[in-house]
Every structure is written in structure tokens, then in C-alpha cells.
Number of protein chains: 2
Amino acid sequence: MDQKAKTLPNAGINPNVSVDCVIFGFDFEELKVLLIQRKEGPDQDLAREGRWALPGNLIRDDESLDTAAGRVLGELTGLERIYLQQFQAFGNPDRVRRQADAEWLHYMREQPNARVITVAYFSLVKLHGFEPQPRSFARNVAWFPIDEVPDLAFDHNEIVESGLLALQRILRQRPIGFELLPRKFTLGQLQRLYEAILRRPLDKRNFRKKMLKKDILVALDEKQQGVPHKPAQYYRFDKQKYAEWEEKNLDADFDVVPV
Amino acid sequence: MDQKAKTLPNAGINPNVSVDCVIFGFDFEELKVLLIQRKEGPDQDLAREGRWALPGNLIRDDESLDTAAGRVLGELTGLERIYLQQFQAFGNPDRVRRQADAEWLHYMREQPNARVITVAYFSLVKLHGFEPQPRSFARNVAWFPIDEVPDLAFDHNEIVESGLLALQRILRQRPIGFELLPRKFTLGQLQRLYEAILRRPLDKRNFRKKMLKKDILVALDEKQQGVPHKPAQYYRFDKQKYAEWEEKNLDADFDVVPV
DNA sequence: ACAAAAGTGTTTAATTTACACCCATGT
DNA sequence: ACATGGGTGTAAATTAAACACTTTTGT
């Protein structure tokens, strides 16, 4: 047992392994990513603009990777109990060697020169309802359109890229998109979500046909109100029915789009 | 800089991160996995049976994860320059806490109690041609049928399971199976490979139809010899043509089986 | 009246599926 | 002659793709 470890504030923190979360949100128009702005020094010193980064941090030695991802995300943004899925480990030896990150590492980390590999998670949250709050070393939290992500810390731009690819892949296999929408939604909103994630237009009639045929949506007896056009039917996702669909289609893909 | 690190034999070895390789092979009958048998003590002491494990080890601080996977595999089995793909990180805090692994850890590792997360890779090699040789702490190397994998070290049984699932998933997206066959092969052999990986029978005529339609196989002017049945046509995989197929089908799946 | 998005079906093409017999060879 | 796997085609069912107009509401 390392005596040092017991007395320092960072006891139990593993210096070599971190988790990072690519959190996607959808505002009915475009796909967004949740980023935090780091504090680059003591609280008083907010003159310097902090660098934007993915919410992430070193793991503890007594927690699993999944647990760490949930904990770190909560600590930095206040988001709790949300769907998180591991998608890739990043371990380039120079991923934490950028000059732009040196100061923050020295300020925050007990071992600023440690080699750090990171395990990346992605997640989907309903933009409407959760309001992330900056905490810990996050000075700010904000949603960025996926096309307007700034230059991020470390290799986080690469991680965002890969996260989007992972999301696109998963979307073909499971109707995961519902995590991004409120309980009730219209088919138009659902289609725009798919288009935002896949980054291409879909045929309206074919999309509706296929989606409804899965028999995992139930129509509510409620319609849009106050919209300057024909009000749309509201639907909700039926978890029960989806579980049945999944059982009957054990290794089928959830395809609602042409490949 | 840690002075200790410079003088020890393990200088540059990261105590917290390892890589493990799930290497698949195919002998025209069933799918196999390459395992190593660990030396549990000094070379003289070979009376004790070593535990079987996936080829894997701690990474170095100056290499990427991909590089580490290739290096470690080479060090333990002699296999070089083979296709390796990362598929999942495993980070349960008690994954290296099994009693059965304690002795080996104390014998091999400078920090036997360190928390270790591992990044798992899978790979496909031609059983015929490569002959893996035990080296380093591998006392033995052997191919095990995927259904007869013994109780392995650490969480390696779980990793093998996940690796097979990853392989099945990837096989739908890319015609990766050719890595498991010699340069020339028959359509029957190819089909048996798919059946071994997917663990279900496929329709012969439909399989051939779909596979040939991809236009990535070329028939050689050579047939089987000495077989007690109609000799089969030999084919080879055409990388060039596959590259073309991939370009034309940017995000299509390589489906040769019903989903 | 106009703008804006909702909602709706059909036709054609492509793909998937199920299925059975003859062929060439070694023993 | 017989056992063994190689090789081949078609018909029916399903799914995918392309495509345009009417409806309902707010302003």
C-alpha cells in the first residue's frame, strides 16, 4: 500500500485512466453536444477564458468504468441517471501532451505528466427538462451544435467525431433516438431527429410507414396546439412493445432508413 | 519524474492499463481461439499447471493502444503484422482480484495490487501458415475450439464472449472473414466459416448467390484435388474489387445472410 | 388568401426466401 | 455402386424506392 495515497486528497484516483462523455441533445432542429468550459485556475481568476472540453475526468480505483462515467458526468453537469454507452478507448501517448492543456493539467492533476488513456462514452438526453449546471472544475456548461464545436482540449474533437459515428451505427440497431425526445413527440420531430443524426434527408412517407410498422409507437389522444399549420398527432414510445419487437428480432437491425 | 521508474526493469510500463487479444482462427471445421498458458513461476518450476489466458499484458507509456496490442501479441506468440481491432474496454475494479490470479500477479508484476483496466482487441488469423510459438511468460500456446474454452484468468472468459459478439457484428459490415482463410479457398469453406462464426446454418444457394454478386471474389483456374467428391472451384478474395465495392456502398452493410 | 407542415397510397423494382436434383470424384 | 460434398435456378413473397396532392391551422 502506498502511504502517500492515503493522505492526499486524490486518494483512490487512478492517474492513468479517465472517462469522457459525448452527450448528445436535440432541440427539434439540430443535434447538439454538451461541453464544459474548464476553470484554468483558482476561482478568483476567471479572467482567462477556459478551454472547452468533454465532461470527463480520472476514474477512481474502486469504481467500474460505467460507474465512473456516470459519476463524472454528474459531478460536472448535474446530469444523473442517464443512458451511457461505452464506445471506444483512446490511448495515443501524446493525447495529453498538447501545450494548450499543460497549464490546466498542472493546476488540476496531482500527476500532470502521467500517461492517460480515456474510455469514451456517448449518451443521449432530452434537451427539454434537464438543465445542466456547471460544477466542480466546470466553469460553464453549454450545448453546441454538432457543426460548431470549437477547438477542444486534448483529443476531444476526435472523440466527438467518433462518438457521432458510433451514434449513427447504434441508431440502425436500436431505436435509441427516443432518449433524445420528450415523452410525447410528433412523427415529424422524430424524422428530423433521424435526419440530424444521419445527416441526410429522409422520405417522409417511407419513414412513417416503416416506423409505424415496427409497432413500438402508440398514438396519444392529443394533438399539437397553436401551430400555424395542421396540428400533428402526438405519439409516445412504448418500451413494452419495443421489448417484444426486440425478442422477435433477436439479431435484426432496426432499420427505418435506406442503407 | 519518478526516480524509481528509471532504474527498474519495468521502466515505462504503465501499471494500470493492459491490452488483451482475442485471436480467432478457423480450421475449415470450427472457430478457434488462441490462448496462452502462463508460467506461474520460474522456468524450473513447471510442475504446476499454469492458467490459460488471453495473450495480453500491460502497455508501455510511450506506445498507443493499437501498437501495444501488436507488440504484446508478438511477444507472447510470435504472431506479427496481423489485423487487430479494438472492441471494448473492461474495467471492473475486481477483475484482477480473483484468488486464482494472485500468485501470478505477484510473480510477474511490479505492482501486483494495482487496479488494471484492459482494452480488448480481436483479430483473425489464418490457422494454416502461422504457427504461434510460446514466448515470454507464455509457457504454451494453443488453439481452443470456441465451445471448449477452459476457465480462464481474470475476466478473460467474459472478454472472449464479447469478442465473439463483436466479430459477429463486424462480419455483417465487412467481409472480414477472408482473414481467416488461406489465399485460395472454396465457397463451401467460406460458407462453413460464416456458419461457424454466426453459429447457424445458411442456405447454400442463397449464400453463393449473394457472395458472388458482391463481385469481390475471383475464380482461379484451379480446382480441388484428391477429394472423394466433385472437386470444388478455388476462389481468392480480391482486395482491389472490395475497395471499389466499399466506395460504392459507403454505409451499406455487407450482408450475405438473412438478418 | 396564404404559408407551413401534416397526413396519406400506389406502382415499380429489387431483394429475400424456400426449395430439389444432378455432377464429379475417391473408395 | 455408393457416399460425399459441389454446383445450379425459379417462383412467390416481401421490402424498398420514388413520387404529389389534400388537409388543417394561424396570421
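Chain identifiers are assigned alphabetically (A, B, ...) following the order of the sequence lines, protein sequences preceding nucleic acid strands; residue numbering begins at 1 within each chain. Keep in mind that what you see is a predicted model, and the values were worked out from it rather than measured.
Below 30°, between 30° and 60°, or above 60°: for B:Phe28 and B:Phe26 the angle between ring planes is above 60°, a perpendicular geometry.
Projected onto DNA chain D by closest heavy-atom contact, B:Gln224 and A:Val227 fall at different nucleotides, the more 5' of which corresponds to B:Gln224. In terms of position on DNA chain D, the residue among A:Lys213 and A:Asp203 whose nearest nucleotide sits closer to the 5' end is A:Lys213. Of the two residues near DNA chain C, B:Lys230 and A:Thr186, the one whose nearest nucleotide lies more 5' is A:Thr186.
Exactly one residue among A:Glu222, A:Gln224, A:Gln233 makes a side-chain hydrogen bond (donor to acceptor under 3.5 Å, both in side chains) with A:Lys184. That residue is A:Glu222.
Distance, B:Gln225 CD to D:dG6 C1': 16 Å, rounded to whole Å. Following rounding to the nearest Å, A:Lys223 (NZ) and C:dA5 (P) show an atom-to-atom distance of 18 Å. B:Tyr235 has its OH atom 10 Å from the C1' atom of D:dG6, to the nearest Å. Distance NZ (A:Lys204) to P (D:dA18): 17 Å, rounded to an integer number of Å. Going from atom CD of B:Gln191 over to atom P of D:dT8 covers 14 Å, rounded to whole Å. At whole-Å resolution of the value, CD in A:Glu29 and P in C:dA5 are 10 Å apart. Atom pair B:Phe207:CZ and C:dC19:C1' shows a separation of 18 Å (rounding to whole Å applied). In this entry the distance linking CD of B:Gln233 with P of C:dC23 reads 19 Å, nearest Å.
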Problem - ring pair (Phe, Tyr, Trp, His ring centres under 6.0 Å) assessment of A:Phe185 paired with A:Phe178 - result: CA-CA 9 Å; A:Phe185 51 84; A:Phe178 301 109; 5.6 Å; yes
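Ranking D:dA17, C:dG7, C:dT25 by closeness to the A:Lys209 side chain, first place goes to D:dA17. For A:Arg208, counting side-chain heavy atoms from C-beta on, the closest listed nucleotide (C:dA6, C:dT17, C:dA24) is C:dA6. Considering only side-chain atoms of B:His229, the nucleotide from C:dT25, D:dG9, D:dG7 that sits closest is C:dT25. In this structure, the nucleotide among D:dT24, D:dG7, C:dA18 sitting nearest to the side chain of B:Asn206 is C:dA18.
Put simply, A:Arg205 has no side-chain N or O that comes within less than 4.0 Å of OP1 or OP2 on C:dG9.
Counted within 6.0 Å of CZ on A:Arg199, heavy atoms from surrounding residues, nucleotides or ligands total more than 12; the atom is thus considered enclosed.
For the residue pair B:Ser64 / A:Asn92, no side-chain donor-acceptor distance below 3.5 Å is found, with atom types taken as modelled.
The base of D:dT14 does not come close enough to the side chain of A:Lys210 for any donor and acceptor atom to sit less than 3.5 Å apart.
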